[in-house]
Amino acid sequence: MFGLVDCNNFYASCERVFRPDIRTAPVGVLSNNDGCLIARSREIKDLGIKMGVPYYQIKEQIKRYNIQVFSSNYELYGDMSNRVMRLLRDFVQDIEVYSIDEAFLDFHGYERFNLKEYGEKIVHTVTKGTGIPVSLGIAPTKTLAKVANKFAKKYPGYKGCCIIDTEEKRIKALQKTEVSDVWGIGRQHTKFLNKYNVKNAYEFTRMPKSWVRANMTVVGERMWEELNGIPRIALDEGLDMPKKTMCTSRAFGETISHIEGLREAVSTFAAMCAAQLRKQGSSAVSIMVFIHTNNFKPEEPQYARNCILDLPVPTSVTAEIIKYANIALSKIYRPGFKFKKAGVIITGICPDCAIQQDLFDTNLNRDKHARIMPIMDKLNSGFNRNSLIMAAQMGSQKWKMKQNHKSPCYTTRVSDFPVVKLH
DNA sequence: TCTGGGGTCCTAGGACCC
DNA sequence: TCTGGGGTCCTAGGACCC
């Protein structure tokens, strides 16, 4: 059996942990730049306010219902996530951290356990130990565990833990699950399936396997089998799985027209990618830079380009990656536009141990720089993020995000923790 | 005024190998 | 006259996930 633990309204719940005063108030969290609503507490969902709506469109409701809004604080959410995962590891040996707020548990070998009881204990312990309410779904496959989790969340009667362990329960659950709610079925497949009158997950499992395979590739076939109770997706503990691509991009707080401002942003994104590369012991083989204007304003002149460069020799040296990112930027920059967003994508990555050297390499300083990097990373670790940056990253900082409602990093920055006055 | 960010997997087709 | 069979690697684009 597999378990899926999912934190309820994760970001909103994180904001509540250190704010008992808003525990029963509607709480919402905004995307970067305070753009869209990306997390909602139960109360907001009940008001019918949709996921992903632009902030400015709901300002009136925020006032009317006294909704507490926060800018996203990923440092806080990341740390709270670690706490949840750590507690889960006390209950099962094999866990797959699937996302910031989800983890799969492997109950292989727990046949003698009463999994329903054990599951309730997990839910209770994590909720109590972190302040983050969680739900658990248990079933013979990961896809079914996802289904079970939705029921655990929806119906309080399950006490946070729903288990699909009989054929009757499986069929009933699938009949009550819309096909669009199945893990792996997105908008396109939903549209396609609805065309053939496949509305719920059970109907999907009754379609011929060959038809699914022919129309939805092996991915669809895998989901079909998983829903039919045949495990096809193994637990992935994600040990030492280096990333195959990385991206750092942001929409700017203010639009930028001059290349200097873009250089500053692109250099910062490049430096962030470089640090990430070093963290996983990899180097960039090729790099892409993109810039574009605000496509939500079609009345303004639009411009969007990207440029991919192959590096002469793969590297993770910040200065070098910044250099090539800026070369790419110069190739695509055009004056006369108001740029709203830029990004750096490392499109090709290779492990440091497999770098192909260049006989005619002109950068004779790479080794020297490479020795500096660990020192820079060390200085920037822990509480000292950004204590040492490249000069190219400095300037007007016009690109910096709007974050007007950010909460303190309660658990990771001493200086952020509010002083409690005792009377 | 105002609209997020970061990933993975699969397929088809081209180029190439022996 | 006539021209095989079996592979790999790479990339762009699509679909999906949180």
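Each chain gets a letter, A, B and so on, in the order the sequences are listed, and its residues count up from 1.
- Rounding to whole angstrom units, CE of residue A:M288 and P of B:dG7 are separated by 13 Å.
- No engagement by A:V53 is indicated, since no non-hydrogen atom pair under 4.0 Å with the nucleic acid exists.
- Here A:Y118 and A:F91 bring their ring centres to under 6.0 angstrom of each other.
- Counting only heavy atoms from C-beta outward, the side chains of A:I138 and A:D165 never approach each other to under 4.5 Å.
- One can place CG of A:D34 at 11 Å from P of B:dG4, the figure rounded to the nearest angstrom.
- Of the listed residues (A:M394, A:Q393, A:Q397), just one forms a side-chain contact (heavy atoms from CB on, under 4.5 Å) with A:E264, and that residue is A:Q397.
- Note on A:Y55: nothing from the nucleic acid sits closer than 4.0 angstrom, heavy atoms only.
- Rounded to whole Å, the separation between the P atoms of C:dC18 and B:dT3 comes to 26 Å.
- Among B:dC10, B:dG4, B:dC2, the nucleotide with an atom closest to any side-chain atom of A:T217 is B:dC10.
- When the options A:L30, A:D34, A:N32 are evaluated for a side-chain contact (heavy atoms from CB on, under 4.5 Å) with A:S72, the one that passes is A:N32.
- Ring centroid separation for the pair A:F204 and A:Y196 does not come in under the 6.0 Å cut-off.
- In this structure, A:S283 and A:L277 approach most closely via the heavy-atom pair C-CD2, 4.0 Å.
- Checking the phosphate oxygens (OP1, OP2) of B:dG6, no side-chain nitrogen or oxygen of A:K243 falls inside 4.0 Å.
- Nucleotide B:dG5 holds its P atom 5 Å from the CG atom of A:N32, rounded to whole Å.
- In the set B:dG7, B:dG4, B:dT11, the nucleotide with an atom closest to the side chain of A:R213 is B:dT11.
- Each of A:K341 and A:K244 was assigned the nucleotide of DNA chain B with the nearest heavy atom; the assignment lying further toward the 5' end belongs to A:K341.
- The shortest distance between the side-chain N/O atoms of A:S249 and the OP1/OP2 oxygens of B:dG6 is below 4.0 Å.
- Atom-to-atom, CZ of A:F252 to C1' of B:dT1 comes out at 18 Å; the value is rounded to the nearest Å.
- Nucleic acid contact for A:K340: sugar-phosphate only, since backbone atoms but no base atoms lie under 4.0 Å from a heavy atom of the residue.
- When the nucleotides B:dG4, B:dC2, B:dT11 are ranked by their closest atom to the side chain of A:K402, B:dC2 comes out on top.
- Aromatic ring centres of A:Y98 and A:W183: separated by under 6.0 Å.
- Looking at the side chain of A:P54, the nearest of the listed nucleotides B:dT3, B:dG7, B:dG5 is B:dT3.
- Applying the 4.0 Å criterion to OP1 and OP2 of B:dC10, one finds that A:R222 has a side-chain N or O inside that range.
- With DNA chain B read from its 5' end, the first of the two nearest nucleotides for A:F296 and A:V218 is the one closest to A:F296.
- Between A:Y303 and A:F337, the distance from one ring center to the other falls under 6.0 angstrom.
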Exercise. Using a cut-off of 4.0 Å between protein heavy atoms and nucleotide atoms, how would you tag nucleotides 12-18 of chain C 5' to 3' with B, S and -?
Worked result: ---SSSS
For this session: Report the C-alpha distance between A:K142 and A:E226 in whole Å, list the side-chain angles of each, state the deciding distance to 0.1 Å, and finish with yes or no for salt bridge (Lys or Arg N to Asp or Glu O under 4.0 Å).
Result: CA-CA 7 Å; A:K142 283 167 107 177; A:E226 282 253 320; over 6 Å; no
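- Candidate nucleotides B:dT8, B:dT3, B:dG4 were compared by shortest atom distance to the side chain of A:Y74, and B:dG4 ranks first.
- Going from atom CG of A:N294 over to atom C1' of B:dC2 covers 9 Å, rounded to whole Å.
- Side-chain atoms of A:T248 lie closest to B:dG6 of the nucleotides B:dG6, B:dG7, B:dT3.
- For the pair A:N73 CG and B:dG5 P, the computed distance is 16 Å after rounding to whole Å.
- Two rings, from A:Y202 and A:W224, have their centers 6.0 Å or more apart.
- Set against B:dG5, B:dG7, B:dC9, the side chain of A:Q276 has B:dG7 as its closest nucleotide.
- Between the CD atom of A:E299 and the C1' atom of B:dT1 there is a distance of 12 Å, rounded to whole Å.
- To the nearest angstrom, C1' of B:dG7 lies 11 Å from CD1 of A:I349.
- Proximity of A:K297 to the phosphate of B:dT1: no side-chain N or O atom is located under 4.0 Å from OP1 or OP2.
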For this session: Fill in the dot-bracket string of DNA chain B, one character per base: . for unpaired, | for a pair to another strand, ( ) or [ ] for pairs within the strand, taking Watson-Crick or G-U pairs under 3.5 Å.
Result: ....||||||||||||||
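- Annotation: side chain of A:T318 is in contact with side chain of A:R278 (closest heavy-atom distance under 4.5 Å).
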